[in-house]
Amino acid sequence: MFTQKAQAFPNRRATDQHTLVEMQLAALAYQNLPAMLGVNIAATLGVAFLLYADGVSYLPVWLALVFVLSGLRLLCWFFFQRYCANESREQAKVGGWVLLYTLGLHSAALIWVAMVFITFQLATSEAKFTVIVIISALAGGATGITAPLKYAGRIYITILLLFTSVIIYWVASEHWVFSVLGLVFWVAMIISHRNNHYVLLKSLTLQMENKQLINNLQHLNAELELRVQQRTSALERIAHNDALTGLPNRLGLIDWMEKKLHADNPQEAAILFLDLDRFKQINDALGHEVGDQVLRMIAYRFNEVCPDDAILARWGGDEFLLVTAQADNTRERAETLARQLIDAAIAPLCIRDESLGVGLSVGMAYFPTDAINFQDIIHAADLTVAEVKRSGRGNSLIYNDIYAETQKRRFDLGRALSDAIKQNELTLAYQPIVNALTNEVETLEVLSRWHHPSLGVIDPCEFIYLAEETDRIVALGDWVLYQSCSKAREWRRQDSAIKLAINVSIKQLLAQNFSGRVISILQETAFPPDALILEVTESLFGEAHLDTTLVTVTQLRSFGVEVYIDDFGTGYSSLSRLHEFPVTGIKIDRSFTAQLDKQGLVIIESAMLIAQKMGLKVVVEGVESAAQFDKLLKLGIVSMQGYYLGRPSPVPAIRSSKQ
């Protein structure tokens, strides 16, 4: 709502945008002044009519003040218009005009407050209520009509409402409700005035900016074109670079490969797929912020190793790709680079005063020997690094067609495993855990076996690993538990003291309502909970899921189910967590049994001592000879398991094979 007067500053030479905005705000305030005075006079006449009837003696004086002040303010308005029309005016004088406007505005408010004082002392209720309505209307109108002046308008509203509320309470406390309403109305009007002023100020500022843009359009064309070019370049950089590490991303990598590796007679180039080891543990345990720091530091180290004629890119997550340019000595360079990258990755990282360690697996493929398509050659390197991961991590391998066949087999097995579980194609085998003192079988460990109709016998390590990766481990675990408990009812008639030991994955423990499903299966199969042992590895103590696993284990123990720590001593620092979990036993890993002549005996002895102090049962795995059996027995180990004592069999051995 800007009139010509509000914008009437022709041939403006000012360079200070803030001053120009202030001048326009002053012009708007004076533009609204005649309307404000008209409303004021009308309200004055209305109040005068009522007070005259009440015979208020101060009325003539008050009227005189109103009309004199209104006349002076109208004169100010008139001279301000002439000031606006004067091209030689000084912009600094606008502050004086605002001061005159403010003095007149606040004087008018004080006159009305005086009228409130007079009315509530001398007039009738009708006059009192009329004055209150007029004061409220003036304050409400001021939120818009005085919006150009930030503080003057708010002070005007404050004088009208806040002073009036105080006077009413002071002079006529029986009308305290009006005082309270006045205060509430004052707060609302101040907020409304603030919002109106902000919108008006922003509108004027935007209008000024738009005018400047229009006036300078011809001079800005070249600059705008430059900005477009810069933004296009910036967008291209964003599209082709990773935001976290600053390295090229997938698009940037493919773009580089298209420029560098497409030649009429291409030489060999190496593609190194880099996959960090143990990064997920850091990310889960210490949080994504630390994980991001690790990635940035690792990216910097890799970049230091990367040759000038190669490219290092972040492929995603904790995966990187390094592609060398075409050269005659590509394979030699690639193998050297792989070792340098692995060394760079395993060097300790110091973050938040902690020393962190990651590893690196590297899969290498060669262009165009292994594939001529960029996506295919990257996939070949990816398959290779997956093979490194499966074979122990922390190493490098060169692509072989066998890896593609292995991947296809894994894909086929993954699909077949789901059907095998549903169609009962799997079978069970039982390996005894024997009491070395009595040669009696204490427990039967349940092991799953798979003989596929067309693929043949599938190694348990292969399909259980697949089940873990494809999240079919939960269904597989439920099937093993149900089948073994169902069949156990038959042979437990021969020896009711024998227990079942079943391996449980950490993913099963983390699955929703795992303990509830275990109890449901035990009830359905009528198998006693105290005859069931669930074996879980030390990953149980992982920081990322510590609370969840603790709740699950506690629930299982409350039902009577025993929980053993399997492969004890090979994973997390379990001794620091062992006392927090209500587990009932540990199974010492077979790797320590195999080293009884070295450090294995010391480790087993130490673990047994700690377990006994904590009241835990101890089982030693991997007993393969009489010599091992005798050494462990002398050490005080009672429960043992291994081929010397009994191999896995489809028919459960109720008695030990060692006689």
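The model shown is predicted, which means the values in this text are computed figures rather than measured ones.
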Of all heavy-atom pairs between [X] and [Y], which one has the smallest distance, and what is that distance?
X    : Y    : answer
A344 : V305 : CB-CG2, 4.4 Å
N40  : A108 : ND2-CB, 4.2 Å
Y156 : A109 : CD1-CB, 3.5 Å
I190 : R154 : CD1-O, 3.6 Å
S418 : R472 : CB-NE, 3.3 Å
Q512 : R517 : O-NH1, 2.9 Å

How many angstroms lie between [atom1] in [X] and [atom2] in [Y], if you round to the nearest 0.5 Å?
X    : Y    : atom1 : atom2 : result
I282 : Q293 : CD1   : CD    : 11.5 Å
H240 : I254 : NE2   : CD1   : 10.0 Å
L110 : L69  : CG    : CG    : 10.0 Å
L360 : R278 : CG    : CZ    : 10.5 Å
L312 : L272 : CG    : CG    : 10.0 Å
T552 : D547 : OG1   : CG    : 10.5 Å

CA sep, side-chain torsions, deciding dist, call: I311, L322, side-chain contact (heavy atoms from CB on, under 4.5 Å): CA-CA 6 Å; I311 184 174; L322 190 151; over 6 Å; no
Side chains of [X] and [Y]: closer than 4.5 Å at any heavy-atom pair?
X    : Y    : result
D318 : D275 : yes
N283 : V294 : no
V358 : I346 : no
I377 : M257 : yes
W112 : I134 : yes
L105 : R73  : yes
S192 : N196 : yes
F514 : L556 : yes

Pair D255 + K259, salt bridge at N-O below 4.0 Å: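 Between K259 and D255 there is a salt bridge, with a charged N closer than 4.0 Å to a carboxylate O.
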Donor-acceptor under 3.5 Å ([X] side chain, [Y] main chain):
X    : Y    : result
R314 : N249 : no
K507 : E468 : yes
H106 : I155 : no
R82  : F78  : no
N303 : A299 : no
S203 : V199 : yes

Chi angles and distances behind the side-chain contact (heavy atoms from CB on, under 4.5 Å) call for L286, L356: CA-CA 10 Å; L286 302 179; L356 305 177; 3.7 Å; yes
Stepwise side-chain contact (heavy atoms from CB on, under 4.5 Å) check, I135 with L161: CA-CA 7 Å; I135 292 290; L161 293 177; 4.1 Å; yes
Working for side-chain contact (heavy atoms from CB on, under 4.5 Å), residues L349 and R301: CA-CA 11 Å; L349 299 163; R301 290 182 181 181; 3.2 Å; yes
Under the ring-ring contact (aromatic ring centres under 6.0 Å, His included) test, residues paired with F302 that sit two or more places apart: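 Partners of F302 under the ring-ring contact (aromatic ring centres under 6.0 Å, His included) test: F320.
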side-chain hydrogen bond (donor to acceptor under 3.5 Å, both in side chains) partners for D309, two or more places apart: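 So D309 forms a side-chain hydrogen bond (donor to acceptor under 3.5 Å, both in side chains) with R333.
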Over 12 non-hydrogen atoms of neighbours within 6.0 angstrom of CZ in F67: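 It does: F67 CZ has more than 12 such atoms within range.
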NE2/H197: more than 12 non-hydrogen atoms of other groups inside 6.0 Å: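 Count over threshold, so yes.
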With sequence neighbours excluded, residues passing salt bridge (charged side-chain N to carboxylate O under 4.0 Å, His left out) with R393: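 Partners of R393 under the salt bridge (charged side-chain N to carboxylate O under 4.0 Å, His left out) test: D277.
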Whether Y30 and F80 hold their rings parallel, tilted or perpendicular, with breakpoints at 30° and 60°: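 Ring orientation of Y30 relative to F80: parallel.
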